[in-house]
Amino acid sequence: MKSGKRTKGLSVEAVVATGVGIAIVFLLKRFLPIPTGVPNTTIDLGEAFIAFLGSVFGPAVGALVAFFAHLFNDLSWGDPWWTWIVADAIFGFFIGFSQRFLKLKTTPLTKKKLFQFNLLQVIANVICWGIIAPLGDILVYSQPAGKVFLQGITATVTDILSVGIVGTLLISAYAKTQTQKKRLTKD
Amino acid sequence: MNQQISYDVGKSQENRWVTRLTGMTKILVLLSLSIIGMVSYDTWYLIVLTVFAVLFYQSAHLKWHQVRGLLYAIAAFTALNLILVYLFNPAYGSQVYGSSHILIGRGFFALTWEELFYLLNMLLKYVFIVPLILAFLFTTNPSELAAGMSRIGFPYKISYAVELSLRYIPDVIRDFKQISLAQQARGLEMSKKAGLWNRLKRSTQILIPLVFSSMDKIEITTRAMKLRRFGTKQRRTWYMTQKLGKIDYLVLVSTGLLIAVGIGLFWVDGGRFYNPFK
């Protein structure tokens, strides 16, 4: 998180990005799920946008956006499911570390970086949806393992697809619009 | 998508005690009840929580058409989850309660009283907080929420971000509709006939303009807030901060008592589960 000397904690930009980000991710989760054909499973474009925001603004913004957007979405359906909300926040946090190597605002995007980003998102998705969320359901909600792992694995696959396809597209589209600083080197 | 975009509290909700509760009280009640309800498996306790939540719902005087869609969705979602829980491990209830009284059937899918009781608990866990949340959804002004969050002790920057997001949701929905209409005018297939791949491509074509417009929004708002020196001080006051009234104290104290009872029950039951089969 790049913060000015005067501001402690989140920078102003991070605060605004979190606010706007929550609104958009909530919209995508609530109104634009794409059914995959398997019952009760949708491709969640919100996760792709969380990954994009994380890659531009870093782990703190990623985690906060994921947490509150998931919470609001659950509340709008009348039922907060805390283990998955927390798992989503952890995913946002992990994916935010892609900011460190992508450096979208200052350096050009290469195939290698996109590969690294996708490697990170696959690992983060597997850890969060394949392990943390189901384990949370078993420990906290005492649900049978088979059911929660089925849900967890489905979520893992659909989120990997969502972030891998849509998230990657968003990042490449955004990178093209950034003026690269390398043209302005000091002699 | 045809959701009501304004946040105004409805006419029939004015002057109800649930509308008069401050944002801080609502957040505290919602958080603490949903967390204790998540952990506890004591059936009687969950029933008491449900009754407590229904009190709020009663006070909000919601019309059936306001909540109908949501309730159907919740019912479908809950039913699907319960069926999955049963299909994957019909003997799970017996594992939990340590005994097995077969009610009907045999073999893997034998339905035991324990399993039924476990499913009843699960059902309660899914639905106990729904009435409370519905009541709050229709009676809360979002600005109160941010003020309440910062009063509870959230860092004010996070509270502010949440307030911003609630302010932006209507904007974002409007942007989204405009972009989607513009793309349709350019011949984008919007019907449900399109396959999965086309749907993904289509939504990306809507997402990319949305990303750029939101990045602009972030930049403009950041500049405006920097000009007003946001974030230079350690603390911040809120226009919407409200004084706690008698009703707030009443609700907070009763919630506190409920939580204390819930925690006490862990000792009484000797764990999280209430076991009638012993």
Side-chain angles (χ1 to χ4, degrees), chain A residues 6-24 26-28 30-32 34-37 39-40 43 45 48-49 52 56 64-65 68-69 72 75-83 140-147 150-151 161-162 165-166 169-170 173-174 177, chain B residues 1 34-35 38-39 41 70-71 73-74 77 80-81 84-85 87-89 92 96 122 125-127 129-130 133-134 137 155 157-158 160-169 171-173 176 196 199-200 203-204 207-208 210-212 214-215 217-218 221-222 225-226 230-232 234 272-273:
Chain A
R6 291 203 321 275
T7 49
K8 265 189 178 175
L10 292 174
S11 68
V12 181
E13 194 182 33
V15 171
V16 181
T18 308
V20 176
I22 296 170
I24 294 183
F26 169 76
L27 166 92
L28 296 175
R30 185 71 168 74
F31 300 115
L32 206 69
I34 302 177
T36 51
N40 207 27
I43 293 189
L45 292 173
F49 203 81
F52 169 73
V56 178
L64 286 172
V65 168
F68 284 104
F72 288 165
L75 287 179
S76 79
W77 289 114
D79 220 349
W81 205 248
W82 290 105
T83 47
V140 179
Y141 286 101
S142 279
Q143 295 207 337
K147 181 237 176 194
L150 171 81
Q151 289 179 323
L161 281 179
S162 160
I165 300 171
V166 181
L169 278 173
L170 291 181
Y174 178 72
T177 65
Chain B
M1 196 61 63
S34 78
I35 287 170
M38 169 177 86
V39 182
Y41 253 99
L70 272 177
L71 286 181
I74 294 165
F77 166 83
L80 193 80
N81 266 289
L84 272 180
V85 167
L87 286 184
F88 267 87
N89 200 343
Y92 193 71
V96 166
M122 211 63 235
K125 277 167 106 70
Y126 275 114
V127 300
I129 203 137
V130 170
I133 289 175
L134 287 179
L137 272 184
K157 286 179 176 169
I158 294 181
Y160 201 90
V162 170
E163 176 160 15
L164 269 180
S165 80
L166 291 165
R167 286 286 160 218
Y168 270 122
I169 285 173
D171 273 23
V172 168
I173 290 179
F176 176 82
L196 179 63
R199 280 185 164 210
L200 263 182
S203 39
T204 320
L207 259 182
I208 285 178
L210 193 64
V211 167
F212 290 129
S214 59
M215 294 311 261
K217 222 176 246 152
I218 291 174
T221 316
T222 306
M225 280 166 60
K226 269 186 182 157
F230 177 87
T232 45
Q234 294 294 324
R272 286 163 54 196
F273 291 90

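What you see is a predicted model, and the numbers here were worked out from it, not measured in a lab. Chain letters run A, B, ... following the sequence lines, proteins first and then strands; every chain starts at 1.
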In terms of heavy-atom pairs under 4.5 Å with chain B, which of S142(A), P80(A), S76(A) leads? S142(A)
May I ask you to test the Q151(A)-L84(B) pair for a side-chain heavy-atom distance under 4.5 Å? yes
Closest non-hydrogen atom pair between L70(B) and R30(A), with its separation: CD2-NH2, 4.1 Å
Enter the distance from Y141(A):OH to K125(B):NZ here, rounded to the nearest 0.5 Å. 7.5 Å
Find the distance between CD1 (I22(A)) and CG (L166(B)) and round it off to the nearest 0.5 Å. 8.0 Å
Considering only heavy atoms, which portion of L137(B) lies under 4.5 Å from any heavy atom of chain A: side chain, backbone, both, or neither? side chain
Can any side-chain N or O of Y160(B) pair as donor or acceptor with the backbone N or O of V16(A) at less than 3.5 Å? no
When rounded to the nearest 0.5 angstrom, what distance separates OH in Y126(B) from CH2 in W81(A)? 4.0 Å
Using every non-hydrogen atom in the two residues, find where W82(A) and S34(B) come nearest and quote the distance to one decimal. NE1-OG, 2.7 Å
With heavy-atom distances below 4.5 Å as the criterion, would you say the side chains of F26(A) and V172(B) are in contact? no
Select one option (side chain, backbone, both, neither) describing which atoms of V56(A) are under 4.5 Å from chain B's heavy atoms. side chain
Measuring heavy-atom distances to chain A, does F273(B) have an atom under 4.5 Å in its side chain, in its backbone, in both, or in neither? side chain
Ranked by heavy-atom pairs below 4.5 Å to chain A, first place among L71(B), I133(B), I74(B) goes to I133(B)
Can you tell me how far the CD1 atom of I24(A) sits from the OG atom of S165(B), to the nearest 0.5 Å? 11.0 Å
Where on L75(A) is there a heavy atom nearer than 4.5 Å to chain B: the side chain, the backbone, both, or neither? both
Which heavy-atom pair separates A173(A) from F212(B) by the least distance, and what is that distance? O-CZ, 3.6 Å
For S162(A), which atoms come within 4.5 Å of any heavy atom of chain B: side chain, backbone, both, or neither? neither
For the student: nearest non-hydrogen atoms of F230(B) and V12(A), plus distance: O-CG2, 3.6 Å
Worked verdict on L27(A) versus I173(B) for side chain to side chain contact (heavy atoms under 4.5 Å, CB included): CA-CA 7 Å; L27(A) 166 92; I173(B) 290 179; 3.5 Å; yes
Quick one: what part of L150(A) sits under 4.5 Å from any heavy atom of chain B, side chain, backbone, both or neither? side chain
Straight-line distance of L210(B) CG to L28(A) CG, nearest 0.5 Å: 6.5 Å
Let me know if F68(A) has heavy atoms under 4.5 Å from chain B in its side chain, its backbone, both or neither. side chain
Contacting moiety of I218(B), where chain A heavy atoms sit under 4.5 Å: both
From OG (S11(A)) to NZ (K226(B)), nearest 0.5 Å: 7.0 Å
Taking every heavy atom of F49(A) against every heavy atom of S214(B), the minimum-distance pair comes out as CZ-OG, 4.1 Å
With a 4.5 Å heavy-atom cut-off, do K147(A) and N81(B) have their side chains touching? yes
Non-hydrogen atoms of chain B under 4.5 Å away: do they reach the side chain of F52(A), the backbone, both or neither? side chain
